Structure formats: structure tokens, C-alpha cells
S.K.: 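Below you'll find the structure I mean.
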Amino acid sequence: FATISTGGFSTRSESLGYWTTNPWILWTTTFFMFISGINFIAHIKILKKDFSGYKSEEVIWYTLLFIVLSIGVSLVHFLNSKDSFFYALTHGFFTISSILTTTGFATVDYSQWGQTVIAFIFIAMLIGGNAGSTAGGIKVIRFVVMFKNLKYQIKKILFPNAIISVKIDKKTISQSIINNVSAFIFLYILTVATTSLYLFANGYDTLTSLSASIACVGNIGPGFGHVGPVENFALFTQPQKLILAIGMII
């Protein structure tokens with residue numbers, strides 16, 4: 001239930017870390033978190049032997065980001081630790097799957113894996129899963145729309161008379177959709193910034209303040225610093241928890 005819904009609750013206080021002695025439990029969970037981050041319409045289509053849902057630009061980018069970030073985290077940890085490559089690969093893929101799909105499971109304290117790994121995980125926290133999935137975050141499709149719109153705007157500056165448009169999966173996207181995406185991302189960033197500044201003003205360090213805000217607004221769960229994968233949000237006062245709760249609701 002907590003995997004498919006990308007909810008993240010576990011029956012153990014160690015989260016999925018309780019089952020680290022059996023890596024195949026972690027790989028199974030990784031796979032189902034990954035497919036739960038995909039648009040469920042794609043899964044419905046496959047029941048009719050229609051694979052078009054898995055060929056969409058969003059799913060392709062989601063898959064590429066998942067593979068690149070997972071391999072990146074795994075390699076960085078393997079090269080900077082004495083752990084085996086399989087161990088690094090298992091927990092690297094599990095961690096990125098958990099964060100990218102905003103499930104929030106944890107098996108290890110990845111905040112101790114170095115600044116590079118934290119940077120990779122921050123990217124996963126911001127991106128999120130697919131639209132039409134149970135995952136949170138900004139969603140991959142909105143990034144695709146914004147990058148294509150950026151490319152469109154640059155082309156319009158260079159070639160003002162050119163007849164061009166923003167297309168997703170070979171279909172033209174209307175300006176109203178682009179405006180809605182822009183407004184969503186602006187509100188998202190504004191909410192994270194406001195919440196982060198509030199926590200920072202209350203004495204928390206930058207990493208804790210920023211990651212706690214992103215974790216709540218993106219419905220991810222764990223962050224870094226005092227709200228890392230082996231910590232929780234119990235340290236915050238009641239007014240601070242209320243502000244974070246409002247961030248989650250927004």
C-alpha cells in the first residue's frame with residue numbers, strides 16, 4: 001500500500017532499512033515505486049496492448065532521469081566508500097526511486113554520502129514523478145513544457161518572423177497551458193522560499209530549512225540535516241509544524 005501509493009509509511013521505525021539483509025526486497029520495492037511514478041493511464045493502456053503511454057516524452061525523460069541519477073549516486077558512493085558495488089547500486093537505485101517518486105522510504109543515511117550525492121538527491125526532490133501518478137513534486141511534464149518554452153522563446157528572439165510552436169508528443173501546446181505551468185512552478189518556488197526563510201529565521205541551518213520545505217511542499221518525507229532519512233520532524237515547534245502543514249496542503 002505505501003509503495004504503490006508512494007505514501008512511504010513503514011511498519012518499522014527503520015523504514016525499509018529493516019530489510020537491508022535481503023536486497024531483493026529492496027529491488028522489488030524500487031521497481032514498484034518506479035512504475036508507481038509513471039502516469040497510470042499508461043498502465044491502463046497496456047491492458048489493451050497499447051504501449052503508446054510508455055513512449056510519451058514525459059515517461060522517456062522520467063526513465064532517463066531515474067537511470068542517470070541512480071547510477072550517479074551509486075558510483076559516487078562506491079568510489080568514496082568501502083561498500084561493494086552491488087550494495088551501492090542497490091541503495092543508490094532505491095534512494096533515487098524513493099525520492100523521485102516522493103515515496104519517502106529510506107534504507108541508509110544517504111546524507112552521509114557526500115555533497116555530490118546530496119546535489120543529485122536535491123534534483124530528484126524538485127522533479128518528482130509523472131502527471132497522472134501518485135507521486136508528488138513539480139512533475140516531469142512541467143519541466144519538459146518549461147524547457148521547450150525556453151527553447152521557443154530563444155528561437156523567437158533569434159528568428160522573430162519564424163512560425164514555430166511548443167509541441168509535446170508531436171501535439172502543439174496552447175499558451176494557456178504554458179501559462180498555467182509557469183504559474184504552478186512560480187507558486188511552488190514561492191511557497192518553498194517562504195517556508196524556508198521562515199524556518200531559517202527561527203534558527204535552523206540552511207540545509208535543514210530548505211530541505212524540510214521542499215520535503216513538505218513536494219510531499220516527499222525525508223530531507224537533509226535535522227530532517228534527514230534517520231531523523232524526523234519532531235524537533236519543530238507547534239507553530240512551525242503548522243506552517244509546514246500549510247505548505248503540504250498548498
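Since this is a predicted model, take the numbers as computed values, not measurements.
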S.K.: For T6 and S36, which I'm curious about, is there any donor-acceptor pair between the side chains at under 3.5 Å?
M.R.: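 Distance-only check fails for T6 and S36.
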
S.K.: Looking at every heavy atom in both W19 and S10, which two are closest together, and how far apart are they?
M.R.: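 Looking at all heavy atoms of both residues, the shortest contact is CZ3-OG, 4.0 Å.
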
S.K.: Do Q240 and Y204 get their side chains close enough for a donor-acceptor pair, meaning under 3.5 Å?
M.R.: yes

S.K.: Would you indicate whether K156, at its atom NZ, is surrounded by more than 12 heavy atoms from other residues, nucleotides or ligands within a distance under 6.0 Å?
M.R.: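 Enclosed.
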
S.K.: Return the orientation label for the F122 and F224 ring planes: parallel under 30°, perpendicular over 60°, tilted otherwise.
M.R.: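 Geometry flag for F224 against F122: tilted rings.
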
S.K.: Does the plane of the ring in H91 sit parallel, tilted or perpendicular to the ring in W113? Use 30° and 60° as the thresholds.
M.R.: perpendicular

S.K.: Quick one: does Y62's side chain get under 4.5 Å of I141's, heavy atoms only?
M.R.: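 SC-SC contact between Y62 and I141 ruled out.
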
S.K.: H43 and Y54: side-chain donor and acceptor closer than 3.5 Å?
M.R.: yes

S.K.: Does atom NZ (K151) have a neighbourhood of more than 12 heavy atoms from anything else shown, all under 6.0 Å?
M.R.: no

S.K.: Any chance you could measure W24, atom CH2, to T90, atom OG1, to the nearest 0.5 Å?
M.R.: 7.0 Å

S.K.: For the residue pair V227 and L235, establish whether any side-chain heavy-atom pair is separated by less than 4.5 Å.
M.R.: yes

S.K.: Atom OH of residue position Y18 - does it have more than 12 heavy atoms of other residues, nucleotides or ligands inside 6.0 Å?
M.R.: no

S.K.: What I want to find out is whether K148 reaches E57 closely enough, with some N-O distance under 4.0 Å, to be called a salt bridge.
M.R.: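 A salt bridge links K148 with E57.
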
S.K.: I want to know whether F93 and F66 have ring centres closer than 6.0 Å.
M.R.: yes

S.K.: In the single-linkage hydrophobic clustering (I, L, V, M, F, W, Y; side-chain heavy atoms under 4.5 Å), do I138 and I177 co-cluster?
M.R.: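 Hydrophobic grouping puts I138 with I177.
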
S.K.: Answer yes or no: is there a donor N or O on one side and an acceptor on the other, between the side chain of K49 and the main chain of K45, under 3.5 Å?
M.R.: no

S.K.: Do we see a donor-acceptor contact under 3.5 Å between the side chains of T208 and D205?
M.R.: yes

S.K.: My understanding is that only one of V73, V230, I99 makes a side chain to side chain contact (heavy atoms under 4.5 Å, CB included) with Y110; could you say which?
M.R.: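 For Y110, the side chain to side chain contact (heavy atoms under 4.5 Å, CB included) check succeeds only for I99.
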
